[in-house]
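Written out below as structure tokens is the structure these notes cover.
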Amino acid sequence: SDQLVRALSQGRDMRIHSGKESTAVSLSGAAAAFLWIDERQGRLGTTTALIRRGDRPASAVPAAPAAPRITAAPAIAQTNLPAVSPLPKSIAALPAVKACQSEIMPGQSEDYSVDRLGADLLMWEIPCGSGAYNFSQAYILTRNDGSQARQISFPTASGTENTLVNSSYDPGSRTMGAFGKGRGIGDCGRMGEWVWTGEAFVLKDEIAMFECLGMSWDIWPSTWKTQ
């Protein structure tokens, strides 16, 4: 509501209460954030602006750009998969794989896996570092014979990642999911989902919460979405 926006933009802090617990949230920069939203959405000077309103009608606000449309490649049978151990020499020789293997602690299982992405295209999951609640993985593409090994880079809303955290691939839906936790209870961090299009893994959705405030992931802000 208008009253809430006005209070947030003019206040210094607010408190969130849950039972007997209370958390303080600074409102420093709230007005600047609302103004940034108005500017990005083309609402400055219109009757719908959050901060800097004017007489221009709501019809003057440009339509939001359409979200990108992603089409997953058809599912492919997971047949004729090679043994995962030992790794093909072309994979083991990659600097990224050597770096991952150097992070394996004594006694930790080297739990490699392989999935088929195409008739002559395999994806290898390489375990990397691990902690109390985060386990990272690198992914390598090869031909069926193990040749042409190359690491997959996954696009994010802010750049690319060469390794994922707490990730898994679903060959049925052609999707890769990952959840890098900021702390053990999972109330902060970043969660993303990628789709294999037949040529690359394309970012489908991403949500992120960089402050650990006890917020469940299902109400985190969206940083990327597609159709």
Side-chain angles (χ1 to χ4, degrees), residues 1-71 131-136 153-167 175-195 201-227:
S1 69
D2 290 346
Q3 289 182 334
L4 176 60
V5 170
R6 189 178 304 111
L8 291 174
S9 62
Q10 297 176 356
R12 292 187 301 178
D13 59 70
M14 69 176 179
R15 299 196 70 85
I16 300 176
H17 299 274
S18 178
K20 296 182 179 180
E21 297 184 1
S22 178
T23 301
V25 178
S26 173
L27 294 177
S28 174
F34 291 147
L35 186 61
W36 181 86
I37 292 173
D38 283 341
E39 183 179 15
R40 293 287 291 180
Q41 295 181 350
R43 296 182 183 278
L44 291 176
T46 72
T47 57
T48 64
L50 295 173
I51 297 294
R52 194 176 297 172
R53 290 191 176 181
D55 297 329
R56 295 170 60 212
S59 59
V61 179
R69 183 180 296 277
I70 298 176
T71 301
Y133 46 82
N134 280 331
F135 303 86
S136 60
S153 292
F154 294 88
T156 71
S158 56
T160 58
E161 294 287 347
N162 291 326
T163 60
L164 299 179
V165 181
N166 300 325
S167 62
T175 58
M176 177 78 74
F179 182 12
K181 299 179 181 180
R183 62 178 178 178
I185 62 174
D187 66 330
C188 53
R190 182 167 61 182
M191 182 183 298
E193 187 176 43
W194 296 260
V195 173
F201 277 101
V202 177
L203 183 62
K204 177 183 178 183
D205 296 291
E206 183 184 281
I207 58 175
M209 172 57 65
F210 299 113
E211 297 290 334
C212 299
L213 301 174
M215 296 176 62
S216 173
W217 64 265
D218 55 346
I219 58 174
W220 290 1
S222 172
T223 51
W224 188 266
K225 63 173 58 179
T226 62
Q227 299 186 51

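- For Thr226 against Leu203, the heavy-atom pair with the smallest separation is CG2-O, 3.6 Å.
- Residues Ser28 and Arg12 fail the side-chain proximity criterion, which asks for heavy atoms closer than 4.5 Å.
- Listed here is the closest heavy atom pair of Leu8 and Ala30: O-CB, 3.5 Å.
- Other residues, nucleotides and ligands contribute over 12 non-hydrogen atoms within 6.0 Å of the CH2 atom of Trp220.
- For the residue pair Glu161/Thr156, the side-chain donor-acceptor check at 3.5 Å is not satisfied.
- Summarising the local packing, CD of Gln227 is surrounded by more than 12 heavy atoms from other residues, nucleotides or ligands at distances under 6.0 Å.
- Residues Asp55 and Thr47 have side chains not in contact (no heavy-atom distance under 4.5 Å, counting atoms from C-beta outward).
- Here the side chain of Asn166 pairs no donor or acceptor atom with the backbone of Ala178 at under 3.5 angstrom.
- Summarising the local packing, CZ of Arg52 is surrounded by 12 or fewer heavy atoms from other residues, nucleotides or ligands at distances under 6.0 Å.
- Within the 4.5 Å cutoff, side-chain heavy atoms of Ser158 are placed close to those of Arg190.
- Listed by first and then second residue, the ring pair (Phe, Tyr, Trp, His ring centres under 6.0 Å) pairs that reach into residues 16-60 come to none, sequence neighbours excluded.
- Taking the six-membered ring where tryptophan is involved, the planes of Trp194 and Phe154 are perpendicular, since the angle between them exceeds 60° and thus also 30°.
- For Gln41, the side chain to side chain donor-acceptor pair (under 3.5 Å) partners at least two apart in sequence or on another chain are Arg43.
- Residues Ile51 and Ser9 are in side-chain contact: their nearest non-hydrogen atoms beyond the backbone lie under 4.5 Å apart.
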Begin with the C-alpha distance, continue with both residues' side-chain angles, and end with the deciding distance and a verdict on side chain to side chain contact (heavy atoms under 4.5 Å, CB included) for Leu164 and Met176. CA-CA 10 Å; Leu164 299 179; Met176 177 78 74; 3.7 Å; yes
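- Interatomic distance, CE of Met14 versus CG of Leu4, reported as 8.5 Å (0.5 Å rounding).
- Distance check, rounded to the nearest 0.5 Å: OG1 of Thr46 to CZ of Arg53 gives 8.0 Å.
- Every residue was checked against the ring pair (Phe, Tyr, Trp, His ring centres under 6.0 Å) condition with Trp224, not counting sequence neighbours, and none meets it.
- Closest non-hydrogen pair, Lys225 versus Pro68, comes out as O-CD, 3.8 Å.
- No donor-acceptor contact under 3.5 angstrom links the side chains of Ser26 and Asp13, judged on distance only.
- Nearest heavy-atom pair, Gly11 versus Leu27, reported as atom, atom and distance to 0.1 Å: O-CB, 3.5 Å.
- Side chains of Leu44 and Leu35 form a contact here, defined as non-hydrogen atoms less than 4.5 Å apart.
- Two residues are said to be in side-chain contact when any heavy atoms from C-beta on lie closer than 4.5 Å; Thr223 and Glu206 meet this criterion.
- Between Asp2 and Arg6, none of the side-chain N atoms (NZ, or NE/NH1/NH2) sits under 4.0 Å from a carboxylate O, so this pair counts as no salt bridge.
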Assess whether side chain to side chain contact (heavy atoms under 4.5 Å, CB included) is satisfied between Glu193 and Asp205, documenting all intermediate values. CA-CA 5 Å; Glu193 187 176 43; Asp205 296 291; 4.0 Å; yes
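- The minimum heavy-atom distance linking Ala24 with Arg15 is given by the pair CB-NH1, 3.3 Å.
- Within the 4.5 Å cutoff, side-chain heavy atoms of Leu50 are placed close to those of Ile37.
- Taking a 6.0 Å sphere around CG of Asp218, one finds it holds more than 12 heavy atoms contributed by other residues, nucleotides or ligands.
- Annotation: side chain of Lys181 is not in contact with side chain of Val165 (no heavy-atom distance under 4.5 Å).
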